[in-house]
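To start, the structure itself, in structure tokens.
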Amino acid sequence: MRELKNTKIIAVDHGYGNMKTANTVTPTGIKAYETEPIFTGNILEYNGIYYRIGKGHKEFIPDKAMDEEYYLLTLMAM
């Protein structure tokens, strides 16, 4: 993350195999759970659902902007 004139800039590379930021590289795999998982690390809670991020890789999707999971991966990257 960088700051420019009081604006925070978060760069995210939405790769097919990995999501990359200035400080992290995380595989694009995502798995949803209805209850809070007992394990920790890379868990995103959104709209009452828990998502484990980084286990495996997503398959190829030609239009990432239309994929709900890439939205969740972006939230995790931020």
Side-chain angles (χ1 to χ4, degrees):
M1 178 172 58
R2 302 279 188 242
E3 192 165 337
L4 178 66
K5 297 182 182 177
N6 296 326
T7 300
K8 294 183 193 272
I9 300 170
I10 303 171
V12 178
D13 178 0
H14 294 81
Y16 287 106
N18 296 303
M19 295 287 289
K20 296 166 282 294
T21 69
N23 301 311
T24 64
V25 176
T26 306
T28 56
I30 186 167
K31 181 159 175 62
Y33 297 90
E34 292 185 11
T35 59
E36 187 173 2
I38 58 172
F39 42 81
T40 60
N42 288 346
I43 301 296
L44 171 70
E45 192 255 321
Y46 179 73
N47 284 341
I49 304 292
Y50 295 87
Y51 298 92
R52 184 174 188 194
I53 310 292
K55 190 71 175 171
H57 296 282
K58 285 180 58 61
E59 57 187 65
F60 175 79
I61 295 173
D63 189 358
K64 296 177 201 174
M66 301 306 292
D67 184 56
E68 177 74 18
E69 288 186 351
Y70 271 98
Y71 177 72
L72 297 169
L73 289 165
T74 302
L75 292 177
M76 178 67 175
M78 293 188 298

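Position 1 is the first residue of the sequence; numbering continues from there.
Counting all heavy atoms, side chain and backbone alike, Pro27 lies closest to Gly56 at CB-O, 3.2 Å. Taking every heavy atom of both residues into account, Thr21 and Thr24 meet most closely at OG1-OG1, 2.7 Å. Nearest heavy atoms, Tyr50 versus Pro37: CB-CD, 3.7 Å.
Residues satisfying the ring pair (Phe, Tyr, Trp, His ring centres under 6.0 Å) test with Tyr71, not counting sequence neighbours, are Tyr46. Taking Ala32 as the reference, Ile49, Tyr51 meet the side chain to side chain contact (heavy atoms under 4.5 Å, CB included) condition, with sequence neighbours excluded. A search for side chain to side chain contact (heavy atoms under 4.5 Å, CB included) contacts involving His14 returns Val12, Met19, Lys64, Tyr70, Thr74, not counting sequence neighbours. Scored by the side chain to side chain donor-acceptor pair (under 3.5 Å) test, Thr26 finds no partners at all (sequence neighbours excluded). Contacts of Asn6 classified as side chain to side chain contact (heavy atoms under 4.5 Å, CB included), with partners at least two apart in sequence or in another chain: Glu3.
Annotation: salt bridge (charged side-chain N to carboxylate O under 4.0 Å, His left out) contacts involving residues 14-38, sequence neighbours excluded, comprise Asp13-Lys20. Pairs passing the ring pair (Phe, Tyr, Trp, His ring centres under 6.0 Å) check and including a residue from residues 21-41, sequence neighbours excluded, read Tyr33-Phe39. Pairs of residues two or more places apart, or lying in two chains, that qualify as salt bridge (charged side-chain N to carboxylate O under 4.0 Å, His left out) and include a residue from residues 68-78 are Lys58-Glu69.
Val25 shares a hydrophobic cluster with no other residue; no ILVMFWY side chain has heavy atoms under 4.5 Å from its own.
Note: the hydrophobic cluster containing Met78 also contains Ile53 (ILVMFWY, side chain heavy atoms under 4.5 Å, direct or indirect links). Note on Ile61: it does not cluster hydrophobically with Met66, by side-chain heavy-atom contacts below 4.5 Å among ILVMFWY residues.
To the nearest 0.5 Å, the span separating OG1 on Thr28 from CG on Leu72 amounts to 12.5 Å.
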